[in-house]
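Presented below is the structure to which this report refers.
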Amino acid sequence: ITMPSVMGKLGPLGRVLGPRGLMPNPKTGTVTMDVAKAVSDVKSGKIDFKVDKTGIVHAAIGKASFDADKIEGNAKELLTTLVKLKPQASKGVYIKSIFMSSTMSPSVEIDSKRFSE
């Protein structure tokens with residue numbers, strides 16, 4: 001998290017921070033004039049997810065140090081947030097399938113009917 005005036009100095013670190021996903025980005029809210037608010041948002045559990053061209057949602061819901069209940073709660077919160085963000089104009093099935101996986105592991109299918117409206 002940084003201010004716009006510091007981004008010019010962070011440019012040379014892009015080769016290191018970029019591949020790790022740590023480079024500040026205005027789209028994700030990590031480049032802002034109100035750094036204190038951005039830090040408190042991140043610490044309070046701001047949900048951050050990415051959608052690729054094919055409509056697949058990528059999001060982190062926990063770390064290895066989290067217990068199972070906390071990961072389950074984060075997953076449910078992410079899915080309910082995605083359902084709330086459904087546009088009114090969209091018709092048909094909004095969530096076709098749900099798969100979860102840890103880093104470098106096979107995925108597990110989750111029953112998507114539980115999260116449909």
Side-chain angles (χ1 to χ4, degrees):
I1 299 175
T2 187
M3 296 173 66
S5 59
V6 183
M7 281 301 291
K9 296 174 184 161
L10 283 177
L13 296 175
R15 290 188 179 138
V16 177
L17 297 175
R20 296 180 184 176
L22 299 175
M23 191 70 177
N25 186 346
K27 290 182 181 178
T28 60
T30 54
V31 178
T32 179
M33 291 302 291
D34 192 2
V35 175
K37 182 181 180 299
V39 169
S40 65
D41 286 347
V42 170
K43 286 187 176 182
S44 67
K46 177 181 173 184
I47 296 176
D48 186 29
F49 55 87
K50 297 178 184 176
V51 181
D52 62 14
K53 288 187 252 180
T54 60
I56 298 173
V57 177
H58 302 272
I61 58 168
K63 298 184 180 196
S65 61
F66 289 8
D67 61 348
D69 293 334
K70 187 163 185 173
I71 293 174
E72 179 186 5
N74 289 348
K76 285 182 180 178
E77 184 65 31
L78 173 69
L79 291 171
T80 55
T81 302
L82 289 174
V83 170
K84 286 179 188 174
L85 292 174
K86 176 183 177 181
Q88 293 292 327
S90 70
K91 305 258 189 241
V93 179
Y94 189 60
I95 298 177
K96 291 184 181 178
S97 61
I98 302 170
F99 288 87
M100 294 183 146
S101 68
S102 63
T103 307
M104 301 298 290
S105 71
S107 60
V108 176
E109 187 169 10
I110 309 295
D111 182 20
S112 62
K113 293 175 185 155
R114 292 178 33 198
F115 298 99
S116 62
E117 293 177 294

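The structure displayed is predicted, hence computed values, not measured ones.
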**OP:** Enter the distance from S107:OG to I98:CD1 here, rounded to the nearest 0.5 Å.
**Re:** 12.5 Å
Subject >> N/O donor-acceptor pair under 3.5 Å between S105 side chain and S101 backbone >> reply: no
Subject >> Closest non-hydrogen atom pair between K63 and I71, with its separation >> reply: O-CD1, 4.1 Å
**OP:** Enter the distance from L78:CG to M100:CE here, rounded to the nearest 0.5 Å.
**Re:** 7.0 Å
Original post:
Are I110 and V57 connected, step by step, through hydrophobic side chains (Ile, Leu, Val, Met, Phe, Trp, Tyr) whose heavy atoms are closer than 4.5 Å?
Top reply: yes
Original post:
Do the side chains of P87 and Y94 get nearer than 4.5 Å, heavy atoms only?
Top reply: yes
Original post:
Roughly how far apart are I56 CD1 and S97 OG, rounded to 0.5 Å?
Top reply: 8.0 Å
**OP:** Report the distance from atom CG of L79 to atom CD1 of I95, rounding to the nearest 0.5 Å.
**Re:** 6.0 Å
**OP:** Quick one: pull up CG in L85 and OG1 in T81 and give me the separation to the nearest 0.5 Å.
**Re:** 6.5 Å
Subject >> Shortest non-hydrogen contact from I61 toward N74 >> reply: O-ND2, 2.8 Å
**OP:** Report the distance from atom NZ of K84 to atom CD of E77, rounding to the nearest 0.5 Å.
**Re:** 6.0 Å
